Structure formats: structure tokens, C-alpha cells
2 protein chains.
Amino acid sequence: MHGSGRFTPETAAQVRAAIDRLGFRPNVLARQLVQQRSTTVGVVVGALDNPIYAELVMQFELEAAKHGFHAMFCNTQGDENAELAGLGSYLDYRSAGVLFVSHPPGWIKARQMIEGRIPAVFVTCDSDWGDVVRCDDETGGRIAAEHLIGLGHRRLAYFGDTVDDASNRDRRHGFEHVVRTAGLTPTVVTWNRYRAFDRDRQAQEAIADGITAIFTTDDYGAIELLEAADRLHVDVPADLSIVGFDDVIMSGLGRIGLTTVRQPKRLLAETALVTLIERIKRGPDSPPIRQTVPVELVIRASTAPPKHLTQTQFRLS
Amino acid sequence: MHGSGRFTPETAAQVRAAIDRLGFRPNVLARQLVQQRSTTVGVVVGALDNPIYAELVMQFELEAAKHGFHAMFCNTQGDENAELAGLGSYLDYRSAGVLFVSHPPGWIKARQMIEGRIPAVFVTCDSDWGDVVRCDDETGGRIAAEHLIGLGHRRLAYFGDTVDDASNRDRRHGFEHVVRTAGLTPTVVTWNRYRAFDRDRQAQEAIADGITAIFTTDDYGAIELLEAADRLHVDVPADLSIVGFDDVIMSGLGRIGLTTVRQPKRLLAETALVTLIERIKRGPDSPPIRQTVPVELVIRASTAPPKHLTQTQFRLS
DNA sequence: GTGAAAGCGCTAACAC
DNA sequence: GTGTTAGCGCTTTCAC
């Protein structure tokens, strides 16, 4: 039935009819057992209710299906044990690969479990053992800074996540580099996304300190900041410009209107799958593959020249 | 190793050590092949980038993991063939169950494929053959109407999706019932979520028609409507009150502030999994299980008394 | 080119 | 109780 062999057309037709009639479906478990390879790919994600992950994970599945793979997934919720349990089950299923969407909370043990057994590709985050597909985070930070400085801002801040992984670090470095090159000194603040009170205080301090523009490490943080600004009656963008990173769908809503650095989600997913397939082909011993995809600045309503500039212009006119 | 049998403690320790050393993991495929049952559950979802689905699907996986199941998923994107392909692979994997998160686009063929083979539970939508777990849509529509009428609105509209499935229908019925009982006549408009231009026109017509309050069949639509209102410079809630349905995380943002009927996502997922397990236990021939979970009105900034009322109050004072 | 047979890794049933 | 064996549903190899 599977390609080879030749039968009389009527036999083939009969068989096909029987298949349809009985609804026969080959048992994937049996096939994969004997073939010693599976079409399952495991996706490990922090939490699907974070829009950027949901968008990425959706693209993964779409791409996986396109290549004949079947997607499994688990939400780690930032919990190491949940992650290891998920990875364990991918091991048990003899998955063809695992896709990490965010920096694994239990990365040491995760490595012990997976390395050399299942091809792993890290998307949107870094790794010193698996393959990695990332966007050009450094450039992202740079264009954010260039945009803000171009608008006339002189007092700039970077608001970063408590987990300072390679992606966040590169975004910050790109940003800091441009700011320093312009002869300015960026303020760097780390804020805990789980503590609303602290966030408000930190936002307020930055503003009291004369900061007029903030680059955050992701849209999630940027939107939190927007909320904090609203609560503090700080006008965005008149009193404060904000640039995010990711470009989640939400950021494009009129009411949010976040200027941000767009990650090409579809392309990230395509590249991730192609990388995975390449890795399967090359085997575990060939050197790690590292891919970078470009980013793009999307200008919306959350950025504008700082107020003192607009006032000056007003006085001049 | 699996519970029964007794060995000397040292043998057990040796074996365990060997397992750890070699990283042995039982092959799930082999086990499930011989046991004739699997721990895979398939989730079929429209598109994960719709927040309500992402939130639900995340809860499914969390619940599934809690019960020892492993989640696979596929995005149908509203495409019948994509859905059938996904269902096919769940069949091939001999999945323990399939969870439908939205009304299946290819429901006739879907039924033919799945019914009698894999337990199916429909969450947030209806079905005349599988088990269903839904929230109390009718009551949801009612409390939305009661809230708006209680605020003093007299000209009310329901904005429904083009797919008028059982959930949408019940929400509308509940809404209409209360409105009519109050001696009023609701306007019903069906809008196509894929055509922004039409939506703006329809929103404008409703407002021109004197509508002061709209209940939409989901938050997605409500937020679209909010956007349309902003574009048309219609003030929400002063000129127009809006009530959604779902309570996605986004709706709780200060800038969105959508009054909405909350679906208890976690509870829906818990109930769905319990129902699935019950179905597996009972076998395919026992009658369908239907479960309902309660909803709750969440009042935010998108609803207020209609302007003529506020003006009257102003004149009176 | 076609059919029979071996075996993938595991579990369950059955003698010992 | 413990060891052995059959067999889950496929694919692949190897005679014919």
C-alpha cells in the first residue's frame, strides 16, 4: 500500500475501499516503535497566556504540521519541575525534537536530560549546547535607542526583566551602546514583573529623576509600564515615551498603540523548524547551528519628542 | 520495577543506579502499543493567537498534565482540511481523547472520523454527539442585559459573530429575553470580524440609529468595537456602553477596561478533563454528558448610564 | 517482485 | 513470588 509493489488496479481499489469502509488508520505508535524515529516535536513554553508565546507556539505548530510533525506542548509556568516533567515525557515519546520558547528555568538539569538524546532548538533565547534561532536583539536595542534619541530624548532608561538572559542582555547592550555613543548615560532598572507595587514606584522614581523615554525588554513589560504611567497620571507620550520589544497583536490596538521592535514570529518559527530538520539530518555531533532573523521598528503612539522640546518649539513659533 | 515484586534493597538500589546512569526511560510508544491505550489528548483550536483560546488551551494542558495526560494540539485556522488532518493524527496516535475548543469548521466529517473511536469533549461550544462543557451562556446574556438596562439604557443592540453556534445563540437569547421583558426591542447585527470597513460602518449605523449600549458575543468583538468607536470619535462609555463576553486578560488592562461576562477558564478546563476521564471510564455507549459552569459579570470602564440620563440628572440638580 | 519472518520495547498472562 | 513467553501493529529484511 505504501508506494512499492504492484497489484491489479482492482485489487488496489478493493483494498482502498476496505480501508475506507473500516476506517483503517495505521497505528503511529507501532510504526514509530519499529522505525525508531517519531514525528512528535515537543514545545516547552512558559505560559501560553502570554501573547508573545501564544503567537510563537501557534506558528510552531503550523510549521511543524507543514513538515509532517505533530506538536506536543507543556506550560512550565516558570517552574523547574513542571519543565522537567514535560521534557521527560518528550523523552518517553522519543520525540524528534524539542523547541524551547523561553529560557528554561531548570536549564542545568534540562541539559542533562536532553543533550545528546533529542535535538533541541532554542527560539528567542540562547543556549550554549543546542541550536539557537533568535532575532537580532542587539540591533533591536539599537534602533529603539536611535528612534528615541532622534526624537530628541536625552534622559533614557532601559527597563529589564529580572531574568537577564542573553536576549535581554543583547537588547540592553544595543540600546546602551547607541545611548553612550550619543554622549549620554542610560539608566538601567530591573523590575520584577510580579510586583505591581514596586513597578509603580520604580516608574515614578524614573520620572522624578527626569527620564523622558524608556525602552523595555518586551511588550509585556512595556504594557505594564503604560498601565503604571496611566495610574500615575503620567501622559504617554507627552511626558514619557515608551518603546517595547516583540510586537504582540495587542500592541497594535489603537488604545495601546505601542511603538515597538517587531520580532518576525512566522519567520522565527519557519527557521526553527528548518533548523530542527537540519539537525536531525546532521546528527547530534555536528556543531551547533545559530540563526538570526531581522527585526523592524514599528512606530505607534507611545513615542514622541520630549515635552521640553515641544514647548521650546511652541515658544519659538 | 513497577511496584510489584520484592527484591533485596541492594538489588533495587543497583537497578535504580543503573537506570540513572544510563538515563533509561521506558518507551511510551511500546507501552501504549501493548496496552492499547494512550495518554495523549488532542486539542483542536481555531488559532492560538486569539487570547481566549490561548488561555483555555493553556489550562487544558495544565489540567491534562495533572491527570497524567500529554497534550497535542493543532490550529485549524478555520480551515476544514487542517482540522481533519489534525483529527487524523489524533486517530493515528490512538489518543485518549480530543478536546474541541471551538465549533469545528468541518463538523460533519469530524463527526464521521471521531465518533465511536475517540472520546470527544466540546468546550465552550455545543455538539449533539460528544460530551459538552459550556458556561451558562444564556445567563451571561441575561446579566449583560440586566446591567445595561439597570444603567438606564433603552436602545440596546447585540453584535454577533457570523458563526451563530449554540453558544452565541444562547448568549443572544438570554440578552434578548431580558430586553424584551423590559418592554424594549433589541437590535441584532451580525458582523464579519474579517472586514474592518464593514465593522466601522455597522457601528456607525447603530449609533446613528440611537443605540447607546451594545452587547457583543465575545471580548474579541467587543475590543474591535471599542477600536471602531475610537476611530469614529464615539466616546465609550459616555456615548456608547459596551459589554463583552469571555474576560480575556487583555480586557482587564486599564486602557481597555472592558465590562464583560467572565468565563471561568480554569474551571472549564478542569471540568473538561474530568468529563473526558469519566467518558473513558463509561465507554462510548453511555449517554452524552453535559456540564455547565457559571459566569460572572465584571464591571469595568466601558459601561455607564447613557448620556441623556446624565444630562437629565445634571439639569435636576 | 512477492511472501514469510523477525523484531522494535514493552506488558500481561502464565507456568514454575 | 519470580522467570518466561506471547504478542501489541507495524516495517524491513531476506529468502523465494
Side-chain angles (χ1 to χ4, degrees), chain A residues 1-42 67-70 72 85 87-98 113-114 116-119 280-281 283-284, chain B residues 1-42 67-70 72 85 87-98 113-114 116-119 280-281 283-284:
Chain A
M1 232 20 268
H2 38 83
S4 74
R6 213 175 59 252
F7 314 85
T8 65
E10 55 194 77
T11 311
Q14 272 183 325
V15 172
R16 218 181 307 274
I19 285 177
D20 286 356
R21 185 159 32 80
L22 285 92
F24 172 82
R25 287 221 149 231
N27 187 322
V28 158
L29 278 58
R31 172 187 298 143
Q32 300 192 346
L33 179 60
V34 63
Q35 285 188 154
Q36 305 274 61
R37 64 195 156 83
S38 89
T39 55
T40 306
V41 320
H67 293 282
F69 289 110
H70 304 280
M72 303 192 63
L87 289 175
S89 84
Y90 300 154
L91 241 23
D92 297 344
Y93 274 90
R94 304 297 187 262
S95 300
V98 16
M113 286 183 82
I114 300 301
R117 301 170 176 279
I118 304 182
I280 292 169
K281 201 185 305 170
Chain B
M1 232 22 263
H2 38 83
S4 74
R6 212 172 63 251
F7 314 85
T8 65
E10 54 194 78
T11 311
Q14 272 184 324
V15 172
R16 219 181 307 273
I19 286 178
D20 286 356
R21 184 159 33 79
L22 282 78
F24 172 81
R25 287 223 149 228
N27 186 322
V28 158
L29 279 57
R31 171 188 297 143
Q32 300 191 347
L33 179 60
V34 62
Q35 286 188 154
Q36 306 272 62
R37 64 195 156 81
S38 89
T39 54
T40 306
V41 318
H67 292 281
F69 289 110
H70 303 280
M72 304 193 63
L87 289 175
S89 83
Y90 299 154
L91 242 22
D92 297 345
Y93 273 91
R94 304 297 187 263
S95 300
V98 16
M113 285 182 83
I114 300 301
R117 300 169 177 279
I118 305 183
I280 293 169
K281 202 184 306 170

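Excluded from the calculations below are hydrogen atoms, water molecules and symmetry mates; all remaining heavy atoms, backbone and side chain alike, are included. Computed from a predicted model, the values in this text were never measured in an experiment. By convention in this document, chain letters (A, B, ...) are assigned in the order of the sequence lines, proteins followed by strands, and residues within each chain are numbered from 1.
The backbone N or O of B:Thr40 sits less than 3.5 Å from a side-chain atom of B:Ser38, completing a donor-acceptor pair. Formation of a donor-acceptor pair under 3.5 Å by the B:Ser95 side chain with backbone atoms of B:Tyr90 is found in this model.
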List the steps, then state whether side chain to side chain contact (heavy atoms under 4.5 Å, CB included) holds for A:Met113 with A:Leu91.
CA-CA 8 Å; A:Met113 286 183 82; A:Leu91 241 23; 3.7 Å; yes
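With rounding to whole Å, A:Asp92 atom CG is found 17 Å from C:dC8 atom C1'. Rounding to whole angstrom units, CG of residue A:Asn27 and C1' of D:dG9 are separated by 6 Å. Distance A:Arg25 CZ to D:dC8 P: 22 Å, rounded to the nearest Å. The interatomic distance linking B:Arg31 (CZ) with C:dG9 (C1') rounds to 10 Å, in whole Å. Distance A:Gln36 CD to D:dT11 P: 14 Å, rounded to the nearest Å. In this structure, B:Leu33 places its CG atom 17 Å from P of C:dG7, rounding to the nearest Å.
For the pair B:Val41 and B:Val98, the minimum side-chain heavy-atom distance is 4.5 Å or more. No side-chain heavy atom of A:Gln36 sits under 4.5 Å from any side-chain heavy atom of A:Arg94.
For C:dA12, the OP1/OP2 oxygens have a side-chain nitrogen or oxygen of B:Gln35 closer than 4.0 Å.
The 5' end of DNA chain D is approached more closely, in terms of each residue's nearest nucleotide, by A:Leu29 than by the other of A:Leu29 and A:Arg37.
Closest approach of A:Tyr93 to B:Gln32, counting heavy atoms only: OH-NE2, 3.7 Å.
The overall bend of the helix from C:dG1-D:dC16 to C:dC16-D:dG1, read as the angle between its terminal helix axes built from five base pairs each, is 50° when rounded to 10 degrees.
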